[in-house]
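Heads up: the structure comes next, in structure tokens.
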Amino acid sequence: MNTAETDNKYEKLLNPDELWALVDCNNFYASCEELFRPDLKDKPIVVLSNNDGCIVARSQKAKELGIPMGEPEFKIRSFLKLHNVAVFSSNYALYGDISTRVMHIIDEICPCEPYSIDEAFCRLKKSLAPNCLEIAKLLRERIQKWTGITCSVGIAPSKTLAKLANHIAKKENGIFILDPAQENFNELLKKIPVREIWGVGKKQSEKLRTNSIRTAYDYKSASEEWIQKNLTVTGLKTLRELHGVPCIETDFSDTPKSLVCSRSFGVRIQNFAELLEAVSSFTAQGAERLRRKNLLASGMCVHIRTSSHAQNCCKNTANALFPYPLCDTKTMLPIAKKLLEGMYRKNHAYVKAGIMFYGILPARSIQKNVFSLLNEQEEQNTEKLMHALDAINKRHGKHAIKFGAEGLENTAWRMKQEHKSPYNPRDIRNLPIAKLS
DNA sequence: TCTGGGGTCCTAGGACCC
DNA sequence: TCTGGGGTCCTAGGACCC
């Protein structure tokens, strides 16, 4: 099939009613830190992953220094020092709060579907197309003015193209509209490496390259059969989206399919008691998140592993279905312990552990079942206990009260956070002070 | 010496059934 | 003695996203 035929085929499928705008905050974590440290404006800033492991965000100046995303901090420590780079441990309470504010602003202008902490898709009626540019300008200006965060806006008929439009916007003046009908559409796609396409990762881009598919235009021109055979149905959806045909649904439901709580340790652990403390603590944190979101889990999985950089990396997981969907820590802790006992091996240096809840359901969808009716009084007591526990922790701070199995605050396995900014936007004492002269 | 965490989706392969 | 094949369900693992 030649390109002209392909284009015609997709033209028929075009959804005439909708456009997508992708709003993406620039250098989000680094920009959040900068809000509270105006002295760092236009300076290189990096934010580290949990445990102060890798670089997960960089300010524009840090990017210009050539600091790569995902680089382990210890490898470039002296470089960071030499160039006076401001280093922060991640402060998710801060980023989450700023994110909520940004999402509210977007939602007031047009209905928004948050996609990640720093991105949201907005559905625009195509009848608004003549005003797209105005809407994009308003989004950018208001977010900048009300939060201090700079964002980019990409607009196109499919989410994949909106992502590419955003990619171009970041290099232009912050706004770009990508329309398959525009004359230079193919020329624009020819400039974008295949790796920049949403859904094409490292492995797939290598595979594509060995088959001479190097740019977004090459991908768009490939045959459906070849793409589906080599990149599965997900790749096929991407192909159609590149032609402007929306086929990727994003799941915005409030009920996730799974919920994970896991951490790398500050030090290696061999001792069962310490490992159990960590797993119990993750179970308690996960259960608290379930209760906060009014969810129940049908089962859980515990995983532990030794270093993946060592020669004999050892990974273990163990699953258990709960007797009925639940969210109370008290019932979960003995289950987690039993799962861990079945996997733990002496003399292994464990570096990471975690738990995952699956089969998640909204609490209101569950009727009292046979099991819980048998112990109604006990169940009510547990519910009261969990409610009291959450209330105390909400009022007096995280970990104000907890289960003995979770261990003490200062145990060695807790993660390193040596560069954490002290800012909590909900605490008035943290607000920057403006001085008028 | 030191390399994140929380998600989703898809596929292959094994177990099981008839 | 000779011992099939197709469907379904589950799970582990890979790839991808931010």
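Chain letters run A, B, ... following the sequence lines, proteins first, then strands; residues in each count from 1.
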### Query
In whole angstroms, how far is the C1' atom of B:dC2 from the CD atom of A:Q417?
16 Å

### Query
Without hydrogens or angle criteria, can the side chains of A:T150 and A:Q144 be said to hold a donor-acceptor pair below 3.5 Å?
yes

### Message
Check the orientation of A:W198 and A:Y115. Use parallel for under 30°, tilted for 30 to 60°, and perpendicular for over 60°.
### Response
perpendicular

### Query
Is the closest side-chain heavy-atom distance between A:L208 and A:D218 below 4.5 Å?
no

### Query
Under 4.5 Å between any side-chain heavy atoms of A:H303 and A:F282, yes or no?
no

### Query
Are A:S262 and B:dG4 close enough that a side-chain N or O sits under 4.0 Å from OP1 or OP2?
no

#### Entry: A:K257 vs B:dC9: side-chain N/O to OP1/OP2 distance below 4.0 Å
yes

### Message
By nearest heavy atom, map A:K75 and A:K237 onto DNA chain B; which one lands nearer the 5' end?
### Response
A:K75

#### Entry: Atom-pair distance (CD1 on A:I117; P on B:dG7), nearest Å
12 Å

### Query
Heavy atoms under 4.0 Å, any strand shown: does A:S116 hit a base, just sugar-phosphate, or nothing?
sugar-phosphate

### Summary
Of C:dC18, B:dG5, B:dG6, the nucleotide closest to the side chain of A:S264 is B:dG5

### Task
Ignoring backbone atoms, establish whether A:K163 has a side-chain N or O less than 4.0 Å from OP1 or OP2 of C:dC17.
no

#### Entry: Partner set under side chain to side chain contact (heavy atoms under 4.5 Å, CB included) for A:K190, not counting sequence neighbours
A:E187, A:Y217

#### Entry: Sequence-distant partners of A:T255, side-chain hydrogen bond (donor to acceptor under 3.5 Å, both in side chains), two or more places apart
none

### Query
Can you find a side chain N or O atom of A:T234 that sits less than 4.0 Å from OP1 or OP2 on C:dA15?
no

### Query
What does A:D52 touch in the nucleic acid at a heavy-atom separation under 4.0 angstrom: a base, only the sugar-phosphate, or nothing?
nothing

### Query
Nearest to the side chain of A:C54 - C:dC17, B:dT11, B:dT3?
B:dT3

### Task
Give one of base, sugar-phosphate or nothing for A:E71, where a contact means two heavy atoms less than 4.0 Å apart.
nothing

### Query
Among A:P114, A:S152, A:C151, whose side chain to side chain contact (heavy atoms under 4.5 Å, CB included) with A:V23 holds?
A:C151

### Query
Among C:dC18, C:dC17, B:dT11, which nucleotide sits nearest the side chain of A:R195?
C:dC17

#### Entry: Distance, C1' atom - from C:dC17 to B:dG4, rounded to whole angstrom
14 Å

### Query
Between B:dG5 atom P and A:F357 atom CZ, what is the distance in whole Å?
17 Å

### Summary
A:N316 CG to C:dT11 C1', in whole Å, measures 16 Å

### Message
Rounding to an integer number of Å, can you tell me how far A:I76 CD1 sits from B:dC2 P?
### Response
17 Å

### Query
Just how far, in rounded Å, is P of B:dC9 from OH of A:Y115?
11 Å

### Query
What is the distance from CE of A:M356 to P of B:dC9, rounded to the nearest Å?
13 Å

### Message
Does A:I197 reach a base, just sugar-phosphate, or nothing at all? Heavy atoms under 4.0 Å.
### Response
sugar-phosphate

### Task
Give a yes/no on whether any side-chain N or O of A:R77 is located under 4.0 angstrom from OP1 or OP2 of B:dT1.
no

### Query
Given atom NE2 of A:H303 and atom C1' of B:dG4, what is their separation to the nearest angstrom?
12 Å

### Task
For A:F74 and for A:S258, locate the closest nucleotide of DNA chain B by heavy-atom distance; then report the residue assigned to the nucleotide nearer the 5' terminus.
A:F74

### Query
Can you say whether the rings of A:Y344 and A:Y350 are parallel (under 30°), tilted (30 to 60°) or perpendicular (over 60°)?
tilted

### Query
NA contact type, A:E73, heavy-atom cut-off 4.0 Å: base, sugar-phosphate, or nothing?
nothing

### Query
Are A:R263 and B:dG6 close enough that a side-chain N or O sits under 4.0 Å from OP1 or OP2?
yes

### Message
Considering every strand and a 4.0 Å limit on heavy-atom distances, what is the contact class for A:L48: base, sugar-phosphate, or nothing?
### Response
nothing

### Query
Judged by modelled atom types alone, do A:N91 and A:S421 share a side-chain donor-acceptor pair under 3.5 Å?
yes

### Query
Out of C:dC16, B:dG7, B:dG5, which nucleotide sits closest to the side chain of A:N50?
B:dG5

### Task
For DNA chain B, produce a single dot-bracket line, 5' to 3'. Pairs: Watson-Crick or G-U wobble, both distances under 3.5 Å. Symbols: ( ) within strand, [ ] crossing, | other strand, . unpaired.
....||||||||||||||

